[in-house]
There are 2 protein chains.
Amino acid sequence: MTKPSVLDVARSAGVGASTVSRVLNNHPHISESAKARVLAAVEELGYTPNLSARSLRSGQTGAISVLLPMTGTAFYETLLSAVQAGLEVHDYDLALFPLLGERRFRRFRESGALLYHADALLIVSQSPDQLYAGRLPFNKPVVLLDAHHPHHHSISFDNPAAGRMAAELALSRRLPLVLLDVAEGPGDWPSPAFLERRGGVLETLSRRGVTPIQTLHAHTSPNYGREAAQQLIASGIRPPFFLLALSDDLALGASRQLLEAGWQAGRDYLLLGFDGSLEAAQAGMSSVAQPVSQMGGAAAETLLAALGGGLSTLTQRVFAPSLQERASTAASLVLGSR
Amino acid sequence: MTKPSVLDVARSAGVGASTVSRVLNNHPHISESAKARVLAAVEELGYTPNLSARSLRSGQTGAISVLLPMTGTAFYETLLSAVQAGLEVHDYDLALFPLLGERRFRRFRESGALLYHADALLIVSQSPDQLYAGRLPFNKPVVLLDAHHPHHHSISFDNPAAGRMAAELALSRRLPLVLLDVAEGPGDWPSPAFLERRGGVLETLSRRGVTPIQTLHAHTSPNYGREAAQQLIASGIRPPFFLLALSDDLALGASRQLLEAGWQAGRDYLLLGFDGSLEAAQAGMSSVAQPVSQMGGAAAETLLAALGGGLSTLTQRVFAPSLQERASTAASLVLGSR
DNA sequence: TTGAAAGCGCTACCAG
DNA sequence: CTGGTAGCGCTTTCAA
């Protein structure tokens with residue numbers, strides 16, 4: 001009642017183990033009769049190959065592990081779809097390991113749970129230094145996406161520039177500024193990308209001598225944007241103002257809450273987010289956009305190059321932000337149409 | 001320049017291979033000196049264990065593969081977080097394989113890409129029959145979540161009952177009914193759960209002799225809810241009406257579009273969704289809720305039981321729907337306050 | 001076209 | 001406490 005192996009199949013089919021292997025791997029030059037008998041035996045015994053043994057032999061797994069902070073957002077869906085698309089031509093599969101919360105994160109770091117049976121590792125939105133105190137416990141190709149590091153291949157977005165771009169737009173509207181920042185809790189760091197965005201924003205503000213009249217903090221999920229907006233309303237603020245949120249998700253969450261208070265983006269206050277998401281476009285919200293799919297595609301290319309061994313020098317690609325101006329930052333409000 | 005093995009470490013540390021293994025696996029009764037020399041050698045050579053070999057030896061991988069249709073929604077995030085939480089006590093890791101699109105799906109089915117180096121398989125929101133024409137190419141424990149099948153352990157939601165419950169509420173409001181259904185494209189089936197919901201709705205409607213004045217179809221993503229709503233508006237419909245959407249995501253997407261046309265849920269039209277999402281609650285939208293986290297927890301329990309071998313009989317757990325009534329289905333509209 | 005056998009890297013067993 | 005060794009299941013030589 002133990003799991004059948006190639007040898008069991010071989011015996012049952014009356015052939016050698018190597019013939020079984022050849023049939024299973026579609027080798028040429030196999031007699032029809034042998035093939036038929038092997039397949040019949042496989043069927044009868046319910047044989048399934050042992051992937052660990054196969055990988056041990058071949059030195060390959062056919063999978064690429066992806067370490068990412070979470071999955072429940074359109075951003076990661078788009079990003080990973082693009083990576084996937086670029087990879088499946090070469091028959092690689094993506095295995096996702098969301099770090100969902102501090103607990104899991106700790107396990108990763110401490111117990112050294114080297115769980116990736118994979119040929120390469122894609123680290124998304126995270127710094128390897130943060131993940132692993134010292135050297136990566138992984139001697140296969142590593143590529144960073146939406147993050148960067150001096151010692152690793154990386155595909156990233158110019159978040160400081162994006163932050164500056166956003167701040168410039170905000171300043172140009174000459175309204176009191178409210179900053180919707182990300183929260184830093186114990187064990188719940190925002191991704192480095194957010195910190196860089198914030199850095200770009202603050203740098204520009206301080207250079208112009210401007211201080212936000214209020215800074216709110218929210219965890220990076222659209223639902224938390226609502227909570228922050230509640231705080232804002234509770235603070236007794238009155239429009240008009242310029243709400244600069246560090247992500248589209250946060251901005252959208254906040255705008256929904258503000259709408260319930262009767263304030264509409266582009267009419268009562270101005271609103272700007274980051275990422276250039278589809279939802280931002282649909283909601284008529286301005287955004288500092290990043291080319292998410294392109295970045296995913298670039299990551300796939302880099303992974304393939306690294307796997308092919310043709311990557312002796314460090315590849316570091318940085319994508320530039322672009323501004324998507326829509327109704328939510330309409331300049332008319334500035335002119336005091338209210 | 002080849003990857004170092006235990007033997008290399010052993011030689012470098014001047015000990016035997018088994019001692020290296022013992023140190024690496026924290027066995028007791030190891031002399032401090034041996035331990036120190038092994039660890040030094042590991043560090044120096046940059047040794048990383050080969051997981052395929054380890055799994056081959058032990059017959060275990062420490063991972064559970066999850067096959068799911070997509071990841072970019074709060075629903076799956078919540079569901080999988082719960083599974084994860086129930087599993088990590090036992091040191092299992094979840095490896096996610098989103099089926100993102102038809103192409104990947106085909107690969108799975110045809111090339112028999114048996115990519116899961118795992119101890120068990122969790123199939124989410126999918127029918128094994130749809131995924132694999134015949135028998136599952138996997139002889140380890142299999143559990144279905146948000147799906148069911150006569151031959152497999154399963155944790156599911158009573159979608160037909162949920163559909164009936166939704167239809168009953170809708171009928172009680174005595175308004176023209178618009179149904180926001182899911183689309184079925186080539187290679188893009190909605191999950192079985194949606195089909196069952198629809199079945200429950202239609203069954204109740206036909207029993208009462210009611211026909212929707214319009215049925216819209218959208219892919220299962222919030223963004224598509226907007227498109228459907230555009231069609232609805234374009235059709236020249238006038239409030240009041242009752243919009244019954246097969247998911248909260250769809251409902252929310254539609255409501256945002258309708259709001260731009262000046263129609264507000266609960267005031268101009270009534271709106272009901274499914275799933276009991278946090279966003280629905282925040283938006284004051286009624287929903288036929290399912291206990292997502294509980295279901296995830298139950299899946300974890302079932303997986304653990306199956307892995308422990310203590311699951312001789314088939315486990316099939318079905319969770320019941322509960323109605324969350326909020327402002328979006330306020331009965332006042334029925335009374336003609338308009 | 002086929003079979004026998006070596007060996008991938010690791011851990012468990014058995015001596016010492 | 002430690003080292004030698006067998007063997008997990010598979011694929012790939014090498015000979016036939």
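Quick note on labels: first sequence line is chain A, next is B, and so on, each numbered from 1. Since we're looking at a predicted model, the values are computed, not measured.
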Those residues that, when tested against A:Glu196, pass salt bridge (charged side-chain N to carboxylate O under 4.0 Å, His left out) (two or more places apart): none
Quickly work out the [X] [atom1] to [N] [atom2] distance and round it to whole Å.
X	N	atom1	atom2	answer
A:Lys35	C:dT2	NZ	C1'	15 Å
B:Gln60	D:dG9	CD	C1'	17 Å
B:Arg37	D:dC1	CZ	P	14 Å

Are B:Glu32 and B:Arg37 within salt-bridge range, i.e. N to O under 4.0 Å?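 The answer is no: the pair does not qualify as a salt bridge.
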Euclidean distance, A:Leu96 CG relative to A:Leu99 CG, rounded to 0.5 Å: 11.5 Å
Identify the heavy atoms of B:Ala298 and B:Arg317 that sit nearest to each other, and give their distance. CB-NH1, 3.6 Å
For the ring pair (Phe, Tyr, Trp, His ring centres under 6.0 Å) test, which of B:His148, B:His149, B:His153 pairs with B:His151?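 So the option named by the test is B:His149.
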Contact state string [nucleotides 8-15 of chain C, B base, S sugar-phosphate only, - no protein heavy atom under 4.0 Å]: BBBBBB--
Once you apply a heavy-atom cut-off of 4.0 Å, does A:Ala10 come out as touching a base, just sugar-phosphate, or nothing? nothing
Could you tell me whether the side chain of B:Phe97 reaches within less than 4.5 Å of the side chain of B:Ser65, counting heavy atoms only? yes
